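Shown next, in structure tokens, is the structure this report addresses.
Residue indices begin at 1 and follow the sequence shown. Bear in mind that the values here come from a model prediction, so they are computed numbers and not experimental data.
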Amino acid sequence: MASWCVRAVRQSYSVVASPSILRASPRLLCSAAQQKNGQGAEEEAKPEHSAAENALVEEKTQLEEQLKELTDKYKRALADTENLRTRRIQGFCKDLLEVADILEKATESVPKEEVSNNNPHLKNLYDGLVMTEVQMQKVFTKHGLVKLNPEGEKFNPYEHEALFHAPVEGKEPGTVAVVTKVGYKIHSRTLRPALVGVAKGP
């Protein structure tokens, strides 16, 4: 019985001390160490990757804000330029309106009975003034400038400026009875209101 126990112990020792097991053990230990090191490297790389993403997001946000700011500045500059251009055009048109008023008064002041072949110089002058006035009105119309002569129309505070109110026979109250100075509109916007007298009830 004792001899059998000794043999069993020796066989167990030989299995434990087998060279194949001893050779395999370093490989197993190395593989385990590599797996552990790999997991550690991945864990270390994750914060670096996350930091890079955060930097890109922050840079993207800054660029978007800069783009928005530049776009707003461009739009404001464009609007200011357009407003300045519109004011200059309107100022130029108003100056021309004074010239048109003078031409109109000049033609109206000439006695029609004097305009005849018996007075060729006056007739030629009058015809030249009329032609100039007509041509100027054509230019005005071409560029969206329309004359307002509202006699007999309903008074419109957006297009007319009332100089007085008075009862006028044959005129409905609230209508324009007299036009002392014609007005003008440019592209549906009142450039100069017509100066009028408005009829009122007795």
Side-chain angles (χ1 to χ4, degrees), residues 63-202:
L63 291 174
E64 288 176 346
E65 292 177 353
Q66 291 177 2
L67 177 62
K68 183 179 179 181
E69 183 179 357
L70 290 174
T71 302
D72 291 340
K73 288 182 178 180
Y74 170 75
K75 289 181 178 179
R76 286 195 297 269
L78 190 64
D80 291 341
T81 302
E82 182 63 22
N83 291 335
L84 179 60
R85 188 181 72 88
T86 301
R87 286 195 298 269
R88 288 181 175 178
I89 291 175
Q90 290 180 349
F92 177 70
C93 289
K94 284 183 178 180
D95 292 340
L96 284 180
L97 296 184
E98 298 299 327
V99 178
D101 292 339
I102 293 173
L103 285 173
E104 185 177 8
K105 289 180 180 179
T107 54
E108 290 177 352
S109 64
V110 177
K112 300 300 183 289
E113 62 274 9
E114 297 293 333
V115 181
S116 64
N117 293 328
N118 296 329
N119 195 346
H121 297 293
L122 180 61
K123 185 177 184 304
N124 291 337
L125 178 60
Y126 176 81
D127 291 342
L129 290 174
V130 171
M131 290 175 61
T132 303
E133 184 182 5
V134 170
Q135 184 62 32
M136 181 170 286
Q137 291 299 326
K138 287 182 179 180
V139 173
F140 285 173
T141 303
K142 178 181 177 181
H143 293 282
L145 197 61
V146 181
K147 181 188 287 189
L148 297 175
N149 191 358
E151 185 173 355
E153 298 178 5
K154 191 74 175 178
F155 177 75
N156 183 352
Y158 297 103
E159 297 181 357
H160 314 148
E161 182 179 341
L163 299 179
F164 61 89
H165 292 76
V168 179
E169 186 177 356
K171 296 290 185 179
E172 183 181 352
T175 59
V176 176
V178 180
V179 178
T180 60
K181 192 173 186 178
V182 296
Y184 283 89
K185 292 174 65 175
I186 181 169
H187 300 301
S188 302
R189 181 178 180 179
T190 301
L191 181 62
R192 186 183 76 183
L195 304 180
V196 300
V198 182
K200 70 175 183 178

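Salt-bridge formation is not detected for the pair Glu108/Lys105: no Lys NZ or Arg NE/NH1/NH2 atom is positioned less than 4.0 Å from an Asp or Glu carboxylate oxygen.
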Problem set entry | Intermediate values then yes/no, salt bridge (Lys or Arg N to Asp or Glu O under 4.0 Å), Lys68 and Glu65 | CA-CA 5 Å; Lys68 183 179 179 181; Glu65 292 177 353; over 6 Å; no
All N/O donor-acceptor pairs, side-chain side in residues 152-163, below 3.5 Å, sequence neighbours left out:
unit_1 : atom_1 : unit_2 : atom_2 : d
Asn156 : OD1    : Tyr158 : N      : 3.0
Glu159 : OE2    : Lys185 : NZ     : 3.0
His160 : ND1    : Asn156 : N      : 2.9

Side-chain donor/acceptor pairs under 3.5 Å, residues 167-178, sequence neighbours excluded:
unit_1 : atom_1 : unit_2 : atom_2 : d
Thr175 : OG1    : Glu172 : O      : 2.5

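From Arg189, atom CZ reaches atom OG1 of Thr86 across 7.5 Å, with rounding to the nearest 0.5 Å. How far CE of Met136 is from CG of Leu103: 5.5 Å, rounded to the nearest 0.5 Å. Rounding to the nearest 0.5 angstrom, the gap separating the SG atom in Cys93 from the CD1 atom in Ile186 is 4.0 Å. Rounded to the nearest 0.5 Å, atoms CG (Leu129) and CD1 (Ile102) are 11.5 Å apart.
Using a 4.5 Å cut-off on side-chain heavy atoms (C-beta onward), Val182 and Glu104 make contact. Annotation: side chain of Leu97 is in contact with side chain of Leu145 (closest heavy-atom distance under 4.5 Å).
The nearest pair of heavy atoms linking Val196 to Thr180 is N-OG1, 4.3 Å.
Legend: side chain to side chain donor-acceptor pair (under 3.5 Å) pairs involving residues 122-131, not counting sequence neighbours, sorted by first then second residue: Lys123-Asp127. The side chain to side chain donor-acceptor pair (under 3.5 Å) analysis of residues 87-102, with sequence neighbours excluded, yields the pairs Asp101-Arg192.
Judged as a ring-ring contact (aromatic ring centres under 6.0 Å, His included), and not counting sequence neighbours, the contacts of Phe140 are Tyr184. Under the salt bridge (Lys or Arg N to Asp or Glu O under 4.0 Å) criterion, Glu69 pairs with Lys73, not counting sequence neighbours.
Remark: the backbone N or O of Ala79 is paired with a side-chain donor or acceptor of Asn83 at under 3.5 angstrom.
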